[in-house]
Amino acid sequence: MNSRQLEKIYEPQAVEARWGQYWLDQGYFHADADAQGQHYSIVLPPPNVTGSLHIGHALNTTIQDILIRWHRMQGHNTLWLPGTDHAGIATQNVVERQLMAEQTSREQLGRDAFVDRIWTWKRQSGDTILGQLKRLGASCDWARLRFTMDDGLSKAVREVFVRLHQDGLIYRGERLINWCPRCLTALSDIEVEHEPVQGKLYHIRYPLSDEPHDGLVVATTRPETLFGDTAVAVHPEDPRHNRQIGRSLRLPLTGRTIPIVGDAVLVNREFGTGAVKITPAHDFNDFEAGERHHLPRLSILTHRGLLNADALREADVEPDLRDAVANLPVTKARPLVVEALQRQDFLTHVDDYPMALGKCYRCKTVVEPFLSPQWFVNVRPLAEPAIAAVEQGHIRIVPEGWTNNYLGWMRGLKDWCISRQIWWGHRIPAWYCTTCTPEARAILDGAGSGSIPTRATPIVSHAAPPVCPTCQQTRFVQDPDVIDTWFSSALWPFSTMGWPDNTKALQTWYPVSTLVTGLDILFFWVARMIMMGLKFTHSPPFRDVYIHALVRDAEGRKMSKSKGNVIDPLTKMSQYGTDALRFTLASMASPGRDIRLSEERIAGYRNFANKIWNAARFVLMQADGVIPLVTPPVVPAEAGSHALQPSTASASEAPVVPANAGTHAPGTPTAMSPITPVVPANAGTHAPLRHSCELSDPGEEAPGTGKSFADQWIVSRVHPVTDAVNRCLQDYRFDQAAGHLYHFIWHEYCDWYLELIKPSLQEGDTATARSTRTTMVHTFERLQRLLHPFMPFLTEEIWQALPHQGDSIVLQPFPKSVPDWENAEAERTFAIIEQCVTTIRTGRALLEYGPSTVLTIRVTANDPDDIARLHDARHHIAHLGRGTVAVLAQEEWPTDRVLRLVVGRVTVGITIEGDVDLNKALARIHKQMQAKQRDADHLERRLASPDFVAKASPEVIQESRDRLALLTAELSLFALSNRQLQNMVSPPPFGKGLG
RNA sequence: GGGCGGAUAGCUCAGUUGGGAGAGCGUUGCCCUUACAAGGCAGAGGUCGCAGGUUCGAUCCCUGUUCCGCCUACCA
């Protein structure tokens, strides 16, 4: 079969499916802890099993895969450990919504059945996610897949919990916590999102109990909470109020009196009236004030956020009002309370008041400060080493701008509430004796309702204790709560590798080399991993933290299902190809900036993939049967030392590859080519497309000897781009690495190199042609390897069709730059060619000669070396400029009917034939002269300034002089050209062009 | 309230020892030139948010300011 029959358009779907499966079958991504080599490891931030992956995951995955493939190709012992997260509240919510649709509830199902139901969902969602990751090309070690609720990881959670409790860093106590009345669970501080709202500030008069006409006016945004007031505070040094301290007030709408206390912490004298009502059970500040003044805590809300009838009775609320507001949610009760206050003349006035309202980050319900017994981690002792690790550079945050963000947060940490009143998650490893705590028995009976009283004594242990140390009884109830999901996530880097056991994996790959994640979970996850890692492994859990951008829509809005602006990665992959999407995301991953993803951009990189595909078609067409067959070494030199090189045995197990694929003899047919999909039934039935030839990197041949100019040049150019890609990846500059690859492949290799060598290739089987074909193929093969981490599927497809050694590009060595390949002379010659050709083409356009018109061209330069280069390169200039080229000194040029154009050091003349409208050319020349004159004037002024000459560096001064000289020379040539053209345009011609 | 980031071509964004302002996409003109029209070639398009300061010289450093975004915070 002939490669000329290749499809003109790259069709990614089949290619991706084929190689994705092949890689898995071959086990290329499996990491062996016993393998040699420098280790490199990443743990995948485990996606929630709440559904499917979004475009942010695609970015996250792409970046990790680029790093992983890059390191794997460098022969490092590379592990990418994947997994998923049980995501307690979020996943429970998903399944509860399903139950709601089925007219049932978790309470009706009961705890065990409900948890079973979530496990079913988890398997489904987990499979979806794994499928998506694989389609993205993620080269994870799937054999090491972990889930946060696996046995091993659960064991790690219990171990950490018990040890923190032993160390006094976990405790149980009654505190005011953030409560979601919809999820019916406690939340940690960072699980509350603050949203600005336009609220109101109600000013309410509290009369003195013994002087009803006098009193204090307090301001509040939540008037309904006054039922729970247990004091009013004023500033002890506020002359307006401080004499009232110690007296009591009558609490409006109730029969209670409450004291006036002095509190310098709570009260800001400048704000409002200087008097603050204290509601210890419903406000964090008031809670602390209540502790300072030993005030009672009166909780007036139920756990569903409704006004509690019993509590209202206890608060001695007026009976009529009590009946009216009981069991109402706050939003409904508030107007009734306000109305009552107004009616009884307690409400002095109401102001508009912008404020921030806390909402549940999972369901957006307004959270309530809620008084309840919970488990907490005392994080301060854990935070200190975690701060030091970053300050001292043991952990590096990239981009480093986020470091202060991290440090600031860590320094202000408060205790972490880790208990959640949900059913999906790791159960708290604490037990209560049913004899000592009779209330605990309710847990056993009910469908999960009931709670353990604050005073109960928990026994924290890996498993249920055999006997109660207090009463010697043996019946226990496990704490019904589960642990915050982020608690188990915090252990991820080491729990996934088998901790607390000291496994080979831990010894080999821990600490993790790089953590790749989004900014949104810097606090939730990264900070806590650092704390836990340091505490339990005495090592930072990772070396580098790369924080990537948030992917927004084209308008810069955050993507969300409710806005309907989510971009589904699978859809885009189907439309444009996975490689195009990956390359887009990598290209846009500039540090510290969010990504606005637009469809056009993806399409642009789809075009890039297509460009490479067509270049491959050309290269293969030219390589077809021509390159001499040379037997490659049986054991590839570079692959031999490669840790991940599959054994001959494993290669032979592959269903789709001939047994000798890794060491194929000359002319061995292979099944893998762009036109012959790897399907076992077809294997070997197609004619060979693969050309066996000696496979060495282009520059490994002595640079400059026996190579044509074009070959010397492209080989010279490979060095800097290789160097740049490696350096950019080292620095996590995926955007710049992608940019270098894009520019080099498209605009150097395709636009210039392939065009330069076409005449040579057409010569047929000459020594020059053979040499050029070799360089062309070798360079192209090298580019595939360089590009592979970014576009794994396309590069594998092409690489397999090119002459190569080995079974897969996945395990080929990543190109290293070789400074010796630089060839300054070839690059100078190229620069001259490029300037000449571009100028000729500009002239062609100005004179409106079509592409097929053969021009008569003269070229020259001031510098003798450049003239020599022009001589050497004149056939290239003739070919690319499409004309006859003579290298002649200016004096020998005709003085008439020549369009002279100047660029840099070269001057180009195009003979004007036929009737041509020269006005375009003249306008162009005028414009260029103006621009150059501006620049020249600027430089002249600068050089005329004594300050500049005295203070600027000699290099800068010399550079300015050189530029001015160049500009002056160009200007005089332009002037000459201008004069000649002016003479020709009068009278203006009727016709134009060549007719 | 505090902190951080951004503002550069129509759009999305690069741009560090301070010295001639770039890319991709879009756009205009010509061209289906045997790898590629998802293409080729050649163009047009920018007082680098505003105002000061430092400097011989500022997109870059400093100060202030406007707008946008994010994080954070207990002023009821």
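All chains are named by letter (A, B, ...) in the order of the sequence lines, taking the proteins before the strands, and each is independently numbered beginning at 1.
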**Student:** To the nearest 0.5 angstrom, please state how far the CG atom of A:Asn614 sits from the CE atom of A:Met621.
**Tutor:**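 With rounding to 0.5 Å, CG (A:Asn614) is 9.0 Å from CE (A:Met621).
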**Student:** Counting any heavy atom closer than 4.0 Å, what does A:Gly274 reach on the DNA or RNA strands: base, sugar-phosphate only, or nothing?
**Tutor:**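 Answer is base: heavy atoms of A:Gly274 come under 4.0 Å of a base.
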**Student:** Any side-chain N or O of A:Lys758 less than 4.0 Å from the OP1 or OP2 oxygen of B:rA35?
**Tutor:**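 Yes.
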**Student:** So what does A:Phe608 touch, heavy atoms closer than 4.0 Å: a base, only the sugar-phosphate, or nothing?
**Tutor:**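 Nothing: the residue A:Phe608, judged by heavy atoms under 4.0 Å, touches no strand.
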**Student:** Is NZ or CZ of A:Arg205 both nearer than 6.0 Å to the six-membered ring centre of A:Phe346 and within 45° of the ring axis?
**Tutor:**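 Not satisfied by the 6.0 Å and 45° rule.
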**Student:** Respond yes when some side-chain nitrogen or oxygen of A:Lys927 is under 4.0 Å from OP1 or OP2 of B:rG43, and no when none is.
**Tutor:**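 For B:rG43, OP1/OP2 do not have a side-chain N/O of A:Lys927 under 4.0 Å.
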**Student:** Could you write out RNA chain B as a dot-bracket string, with dots for unpaired bases, | for bases paired across to another strand, and Watson-Crick or G-U pairs counted at under 3.5 Å?
**Tutor:** (((((((..((((.....[..)))).(((((.......))))).....(((((..]....))))))))))))....
**Student:** Any side-chain donor-acceptor pair under 3.5 Å between A:Tyr361 and A:Glu191?
**Tutor:**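 Per modelled atom types, A:Tyr361 and A:Glu191 side chains form a pair under 3.5 Å.
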**Student:** Closest approach to the side chain of A:Arg733, judged atom by atom: which nucleotide of B:rA35, B:rA14, B:rG24 is it?
**Tutor:**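 Given the options B:rA35, B:rA14, B:rG24, the side chain of A:Arg733 is closest to B:rA14.
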**Student:** Just call it for A:Glu755: base, sugar-phosphate, or nothing, with non-hydrogen atoms closer than 4.0 Å on any strand.
**Tutor:**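 Here A:Glu755 touches the bases of the nucleic acid.
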**Student:** Can you tell me if the side-chain N/O atoms of A:Trp746 get under 4.0 Å from OP1 or OP2 in B:rG40?
**Tutor:**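 Checking A:Trp746 against B:rG40: at least one side-chain N or O falls below 4.0 Å of OP1 or OP2.
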**Student:** Does a side-chain N or O of A:Thr842 approach OP1 or OP2 of B:rG43 to a distance below 4.0 Å, or not?
**Tutor:**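 A:Thr842 to B:rG43 OP1/OP2: side-chain N or O found under 4.0 Å.
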**Student:** Going by the angle between their ring planes, with limits at 30° and 60°, are A:His349 and A:His203 parallel, tilted or perpendicular?
**Tutor:**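 A:His349 and A:His203: parallel rings.
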**Student:** At under 4.0 Å, does any side-chain N or O of A:Arg596 touch on OP1 or OP2 of B:rU12?
**Tutor:**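 Looking at the OP1 and OP2 atoms of B:rU12, one of them is under 4.0 Å from a side-chain N or O of A:Arg596.
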**Student:** Return the value, rounded to whole Å, for the distance between atom CG of A:Leu880 and atom C1' of B:rC41.
**Tutor:**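 Value for this atom pair: 12 Å.
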**Student:** With a non-hydrogen cut-off below 4.0 angstrom, is A:His747 in contact with a base, only sugar-phosphate, or nothing?
**Tutor:**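 Result for A:His747 = sugar-phosphate.
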**Student:** If you only use heavy atoms from C-beta on, which nucleotide in B:rA73, B:rC13, B:rA35 is closest to the side chain of A:Asn614?
**Tutor:**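 Nucleotide nearest to A:Asn614's side chain: B:rA35.
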**Student:** Using atom names, set out every protein N or O paired with an N or O of nucleotides 55-62 of chain B below 3.5 Å, distance rounded to 0.1 Å.
**Tutor:**
| residue | atom | partner | partner atom | Å |
| --- | --- | --- | --- | --- |
| B:rC56 | OP1 | A:Lys951 | NZ | 2.5 |

**Student:** If I take atom CG in residue A:Asn404 and atom P in nucleotide B:rG3, what distance separates them, rounded to the nearest angstrom?
**Tutor:**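 Atom CG in A:Asn404 sits about 12 Å away from atom P in B:rG3.
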**Student:** So which of A:Thr221, A:Asp351, A:Asp352 actually passes side-chain hydrogen bond (donor to acceptor under 3.5 Å, both in side chains) with A:Lys200?
**Tutor:**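 Testing each of A:Thr221, A:Asp351, A:Asp352 against A:Lys200, the sole residue satisfying side-chain hydrogen bond (donor to acceptor under 3.5 Å, both in side chains) is A:Asp352.
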**Student:** Please say whether the positively charged group of A:Lys414, taken as NZ for Lys or CZ for Arg, lies over the ring of A:Phe284, i.e. under 6.0 angstrom from the six-membered ring centre and within 45 degrees of the axis.
**Tutor:**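 Ring-cation test returns no.
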**Student:** Quick one: is B:rG20 close enough that its OP1 or OP2 comes under 4.0 Å of any side-chain N or O from A:Lys932?
**Tutor:**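 Checking B:rG20 against A:Lys932, no side-chain N or O comes under 4.0 Å of OP1 or OP2.
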**Student:** Measure from the side-chain heavy atoms of A:Thr838 and tell me the nearest of B:rA42, B:rG24, B:rA35.
**Tutor:**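 Of the candidates, B:rA42 comes closest.
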**Student:** Quick one: is B:rA37 close enough that its OP1 or OP2 comes under 4.0 Å of any side-chain N or O from A:Lys8?
**Tutor:**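 For B:rA37, OP1/OP2 do have a side-chain N/O of A:Lys8 under 4.0 Å.
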**Student:** At less than 4.0 Å, is any side-chain N or O atom of A:His194 found next to OP1 or OP2 of B:rC71? Yes or no.
**Tutor:**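 So the side chain of A:His194 is outside the cut-off, no N or O lying under 4.0 Å from OP1 or OP2 of B:rC71.
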**Student:** For B:rG39, does either OP1 or OP2 sit under 4.0 Å from a side-chain N or O belonging to A:Asn610?
**Tutor:**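 For A:Asn610, the contact criterion (side-chain N or O under 4.0 Å from OP1 or OP2 of B:rG39) is not met.
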**Student:** On the nucleotide B:rG20, are OP1 or OP2 found under 4.0 Å from the side-chain N or O atoms that A:Arg963 carries?
**Tutor:**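 Answer yes for this pair, as a side-chain N or O of A:Arg963 is under 4.0 Å from OP1 or OP2.
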**Student:** Counting just side-chain N and O atoms, does A:Tyr742 come under 4.0 Å of either OP1 or OP2 of B:rC25?
**Tutor:**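 Checking B:rC25 against A:Tyr742, a side-chain N or O does come within under 4.0 Å of OP1 or OP2.
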